[in-house]
Q: 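Pasting in a structure now, in structure tokens, and then I'll have a few things to ask.
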Amino acid sequence: MRIATWNVNSIRQRLEHLTRWLDEAQPDVVCLQELKCMEEAFPKSEIEALGYNVAVSGQKAFNGVALLSKMPIEDLRIGLPGNDGDEQARYIEAVMSHPEGVVRVASIYLPNGNPLGTEKFPYKLAWMDRLTSHAKDLLALEEPLVLAGDYNVIPTPLDARHPEKWTNDALFQPESRARFETLKALGLTDSVRQCLPDEPVYTFWDYQAGARQRNDGIRIDHLLLSPEATSKLAGVRIDQHVRDWEKPSDHVPVLIDLTL
DNA sequence: ATGTCAAGGCCACCTTGA
């Protein structure tokens with residue numbers, strides 16, 4: 001089973017890219033982030049026509065997450081538990097049933113947290129604490145689990161071409177990195193680092209200053225796996241070439257293959 | 001060295017967010 005995550009930076013601007021990439025990559029499950037539209041404006045029928053079931057949590061102009069699945073979507077949960085007042089569309093989770101078993105998948109758009117010194121950074125940290133608390137509950141189910149998305153966290157210096165440029169950025173703050181480590185310490189495996197422990201690989205290149213041409217990238221899109229999923233991990237792939245298509249997202253798809 | 005991009009308001013440019 002192939003599971004992917006991709007921050008598309010507006011689904012309506014990127015629909016052609018998405019359909020082209022679905023055709024070439026043939027994923028079974030896709031986690032999308034930054035839809036930047038309400039559910040009504042999401043191009044559901046176009047994606048369903050390609051054989052996917054679709055679940056969307058939308059919001060006007062900002063955020064927005066979705067799950068696409070070739071398998072039936074069950075046990076749908078929209079929103080991260082722990083703050084009923086949080087209106088931001090950043091979390092959607094469901095169970096995908098499969099003849100050989102089930103996998104629970106979440107599409108996550110973790111808050112960016114910039115600029116430092118504003119309320120955005122504590123909101124990010126509190127959101128990470130809520131994610132950790134929910135992940136603990138999900139891990140207790142002892143089932144294959146994939147928490148995938150744009151985490152807006154650069155976990156280590158290896159995950160940035162120029163780590164020194166990110167020292168005053170919310171994505172590379174000690175508090176952000178410590179919470180990412182706490183999350184993993186619950187028993188989750190960073191699938192890309194499991195397969196590529198020492199390789200400098202990136203999933204995001206800024207639109208500005210020729211960052212892509214200079215390979216001035218960062219790795220912030222992650223797929224974290226429960227032990228039951230990690231034991232089935234057969235490989236990972238980062239589809240960097242998609243960043244060089246015309247009018248691309250600033251993020252590229254990250255994929256894993258599970259022997260499920 | 002923001003050298004970029006997208007959405008929304010109510011414009012034909014500004015603000016917000018990334």
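Below, chain A is the first sequence line, B the second, and so on; all start at residue 1. A quick note: this is a predicted structure, and the numbers were derived from the prediction, not measured.
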Q: Taking for each residue the nucleotide of DNA chain B with the nearest heavy atom, is it Phe204(A) or Arg12(A) whose nucleotide lies nearer the 5' end?
A: Arg12(A)
Q: Does any pair with a residue in residues 62-84 of chain A pass ring pair (Phe, Tyr, Trp, His ring centres under 6.0 Å), and if so which ones, sequence neighbours excluded?
A: none
Q: Could you measure between the two C1' atoms, the one in dG8(B) and the one in dA12(B), and give it in whole Å?
A: 14 Å
Q: Please state the C1' separation for the pair dC13(B) and dA1(B) - nearest whole angstrom.
A: 24 Å
Q: On DNA chain B, compare the nucleotides closest to Gln208(A) and Cys37(A); which residue's is nearer the 5' end?
A: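 Mapping each residue to its closest nucleotide by heavy atoms, the 5'-most match is Gln208(A).
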Q: For DNA chain B, which nucleotides open and close the run of contacts to chain A, 5' to 3', at under 4.0 angstrom from a non-hydrogen atom?
A: dT2(B) to dA18(B)
Q: Any base atoms under 4.0 Å from Arg14(A), or only sugar-phosphate, or nothing? Heavy atoms, all strands.
A: sugar-phosphate
Q: With sequence neighbours excluded, what pairs up with Asp257(A) under the salt bridge (Lys or Arg N to Asp or Glu O under 4.0 Å) test?
A: Arg2(A)
Q: Which residues pass the salt bridge (Lys or Arg N to Asp or Glu O under 4.0 Å) test with Asp129(A), sequence neighbours left out?
A: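 Per chain and number, Asp129(A) pairs via salt bridge (Lys or Arg N to Asp or Glu O under 4.0 Å) with Arg179(A).
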Q: For residues Trp21(A) and Trp6(A), establish whether the separation of their ring centroids is below 6.0 Å.
A: yes
Q: Identify, with sequence neighbours excluded, every residue that meets salt bridge (Lys or Arg N to Asp or Glu O under 4.0 Å) alongside Lys70(A).
A: none
Q: Using the P atom as the point on both nucleotides, what is the distance between dT15(B) and dC10(B), in whole Å?
A: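 Per the computed distance, 14 Å lies between those P atoms.
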Q: Which pairs with one or both residues in residues 146-182 of chain A pass ring pair (Phe, Tyr, Trp, His ring centres under 6.0 Å), sequence neighbours excluded?
A: Tyr151(A)-Phe180(A), Tyr151(A)-His222(A), Phe180(A)-His222(A)
